[in-house]
Amino acid sequence: MSPVGLLFLTLFNSILGLSILFPILGPLGRELGLTEVQVGLFSTGYALMQFLLSPLWGRLSEKGRKPVLLLGILGFAVSFLLFGLFALLGQRGLVPAGLLFPLLLLARLLGGAFSSATLPTAQAYVADITGREQRTAGMALLGAAFGLAVILGPALGAGLAAGFGLLAPVFFSAGIAFLNALFVALVLPESRPQGAQETGRLSPWDGRVFPLLLLGFSLNLSGVALEQTIAFYFQDRLGLSGVETARSVGLALVLYGLVAVFIQGFLVRRFSWPPRTLLLLGLPVGILGFLLLVVAQGFPLLALGLALQGAGTALAGPGVTAALSLAVGEGEQGLVAGLNASAQALGRMLGPILGTGLYRIFPEAPYLLGATLLLVALLALPFLLRRARI
């Protein structure tokens, strides 16, 4: 198997281990006597550590991709094992009530700290093993691995929880991560050439990358705001019960994910579109998806709007990542990938707060915000690409 294929498996396994937990964190938190705010802090803290530490991991990966990738996966595995053990002790009443939440939060912070090594190192790895013409296709394959894992993970997590209890997915995630670390150690080759030139620092304010980082942040912010509010929107717009909402949103999100995986795993790789083309296609499609969500009344149009927004993100996301990679030198790939991962994490941190806050003002507000952000990005695109010299 090619190094790109091996990296696909590595990233897929990493994201699968994380997404397995999506359906069980809420009910597990309630079973342990935690509040909704405390459960929410697990995700916020995780994203905060990724925001803070991704640039550091990207810089360290300039000395060697494989060791950093391996350390990130092992740290992720240990953090999930600790989270499961603390939760198990909490279930059995062996941890004081006041101590349980800090211990669980500590485990999640460790998970965010170490998992923040995976994505920037994987992106820098792709930059190492692809030429400039193949860069976009390689980045799209990483996006396809991410999307496929997000589709399959929640279903697997729900099945494990139903069959073996709420903690089964947590320990299963730790097990996947340990096996993934073994796979990386034994099979994945190092991509960073010995004696390769290193660059000490890359500022996020660097004119080559700052506009593109801002674009990536806007894409992630608008996408996460949508994800956090779409279930409320379906329920309110269609007048559904809780069970009906879960079924309808689940079906629509599967379509959303499949469209994204098809675009990134097949179309982008098949046609090898450059970043400029991906952004010129993706931003208008994303705008159309957001606007359709605003006006749609029935399930078919709501699902179509969600799918269009997913298609737009699937096109524009690899466009931003590849543009950032092409905007800098070969000795700065880890640095720019770390900054990119940090910008994405900032979007994941702020998206839930902004999306739910706007939804309380009026339900269409998060999607009007998304359309506005993408429209501004589309109008500014010639300037952004000129500054990046792409």
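Just so we're clear, the structure is a prediction, and the values are computed from it rather than from any experiment.
Using a 4.5 Å heavy-atom cutoff, the side chains of Leu215 and Leu279 are in contact. At least one side-chain heavy atom of Pro189 sits less than 4.5 Å from a side-chain heavy atom of Tyr125. Within the 4.5 Å cutoff, side-chain heavy atoms of Arg108 are placed close to those of Phe83. Using a 4.5 Å heavy-atom cutoff, the side chains of Leu378 and Pro284 are in contact. Two residues are said to be in side-chain contact when any heavy atoms from C-beta on lie closer than 4.5 Å; Ile287 and Thr372 fail this criterion. Residues Tyr233 and Leu302 have side chains in contact (heavy-atom distance under 4.5 Å, counting atoms from C-beta outward). Side-chain contact between Ser116 and Met49 is absent, with no heavy atoms from C-beta onward closer than 4.5 Å. A heavy-atom distance below 4.5 Å is not found between the side chains of Leu335 and Val328.
Side-chain N or O atoms of Ser218 include none that pairs as donor or acceptor with a backbone N or O of Leu373 at under 3.5 Å. Side chain of Ser342 to main chain of Gly338: no donor-acceptor pair is present (N/O by atom type, distance under 3.5 Å, no hydrogens or angles). Under the 3.5 Å distance criterion, the side-chain polar atoms of Glu190 are matched with a main-chain donor or acceptor of Lys66. A donor-acceptor contact shorter than 3.5 Å is absent between the side chain of Thr121 and the backbone of Thr118. In this structure, Gln309 contributes its side chain and Gly289 its backbone to no donor-acceptor pair below 3.5 Å. Glu62 contributes a side-chain N or O that, together with a main-chain N or O of Gly334, makes up a donor-acceptor pair within less than 3.5 Å. Proximity of a side-chain donor or acceptor of Thr321 to a complementary backbone N or O of Gly317 within less than 3.5 Å is detected. Of the possible polar contacts, one joining the Glu332 side chain to the Gly329 backbone as a donor-acceptor pair under 3.5 Å is found. The backbone N or O of Gly347 sits nowhere less than 3.5 Å from a side-chain atom of Asn220 that would complete a donor-acceptor pair. Gln38 places a side-chain N or O within donor-acceptor distance of the main-chain N or O of Thr35, the cut-off being under 3.5 Å.
Note on Phe42: it clusters hydrophobically with Phe172, by side-chain heavy-atom contacts below 4.5 Å among ILVMFWY residues. Residues Leu179 and Leu160 do not share a hydrophobic cluster, defined by chaining ILVMFWY side chains whose heavy atoms lie under 4.5 Å apart. The cluster map of Ile, Leu, Val, Met, Phe, Trp and Tyr, joined by side-chain heavy atoms under 4.5 Å apart, puts Leu219 and Leu354 in the same cluster. Neither Val126 nor Leu267 shares a network with the other; the hydrophobic side chains, linked directly or stepwise wherever heavy atoms of I, L, V, M, F, W or Y lie under 4.5 Å apart, form separate groups for each. Under the 4.5 Å side-chain heavy-atom criterion for ILVMFWY residues, no single connected hydrophobic cluster contains both Val259 and Leu292.
A distance of 12.0 Å separates CZ of Arg65 from CG of Leu188, quoted to the nearest 0.5 Å. Put simply, CH2 on Trp205 and CG on Leu213 are 9.5 Å apart, with the number rounded to the nearest 0.5 Å. Once rounded to the nearest 0.5 Å, the distance linking CG of Leu326 with CG of Leu212 reads 10.0 Å. The CZ atom of Phe266 sits 13.5 Å away from the CG atom of Leu141 when rounded to the nearest 0.5 Å. Between Leu148 atom CG and Phe12 atom CZ the span is 5.0 Å, to the nearest 0.5 Å. One finds the CG atom of Leu103 at 9.5 Å from the CG atom of Leu82 (value rounded to the nearest 0.5 Å).
Side chains of Arg135 and Ser325: a donor-acceptor N/O pair is present below 3.5 angstrom, by distance only. Side-chain contact of Ser115 with Tyr46: a donor-acceptor pair under 3.5 Å is present, judged by distance alone. In the model, Thr229 has a side-chain atom that pairs as donor or acceptor with a side-chain atom of Tyr367 under 3.5 Å.
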Legend entry - Residue pair Ile230, Tyr256: steps toward the side-chain contact (heavy atoms from CB on, under 4.5 Å) verdict: CA-CA 12 Å; Ile230 196 65; Tyr256 173 91; over 6 Å; no
Inset, instruction - Verify side-chain contact (heavy atoms from CB on, under 4.5 Å) between Phe76 and Leu110, making sure each step is shown before the conclusion. - result: CA-CA 7 Å; Phe76 175 92; Leu110 286 173; over 6 Å; no
Inset, instruction - Starting from the C-alpha separation in whole Å, work towards a yes-or-no answer on side-chain contact (heavy atoms from CB on, under 4.5 Å) for Leu301 and Gln297. - result: CA-CA 7 Å; Leu301 286 181; Gln297 297 297 324; over 6 Å; no
Legend entry - Worked check of side-chain contact (heavy atoms from CB on, under 4.5 Å) between Leu226 and Leu306: CA-CA 9 Å; Leu226 179 148; Leu306 193 58; 3.3 Å; yes
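Ring geometry for Trp57 versus Phe114: interplanar angle of 30 to 60°, hence tilted.
Pairing each heavy atom of Leu41 with each of Leu105, the nearest pair is O-CD1, 3.8 Å. For the residue pair Ala337 and Pro120, the shortest heavy atom distance occurs at CB-O, 3.1 Å. Here the closest heavy-atom approach between residue Arg237 and residue Val295 is recorded as NH1-C, 4.2 Å. When all heavy atoms of Ala87 and Leu167 are compared, the pair lying nearest together is CB-CD2, 3.5 Å. The heavy-atom pair separating Ala47 from Met349 by the smallest distance is CB-CG, 3.4 Å. Across every non-hydrogen atom of Ser222 and Leu374, the tightest pair is OG-CD2, 4.3 Å.
Around atom CZ of Phe299, more than 12 heavy atoms belonging to other residues, nucleotides or ligands sit under 6.0 Å away. Applying the 6.0 Å contact sphere to CZ of Phe271 captures more than 12 heavy atoms from other residues, nucleotides or ligands. Summarising the local packing, CZ of Phe146 is surrounded by 12 or fewer heavy atoms from other residues, nucleotides or ligands at distances under 6.0 Å.
Under the side chain to side chain contact (heavy atoms under 4.5 Å, CB included) rule, Ile73 has a single partner from Ile176, Asn180, Asn13, Val78, which is Asn180.
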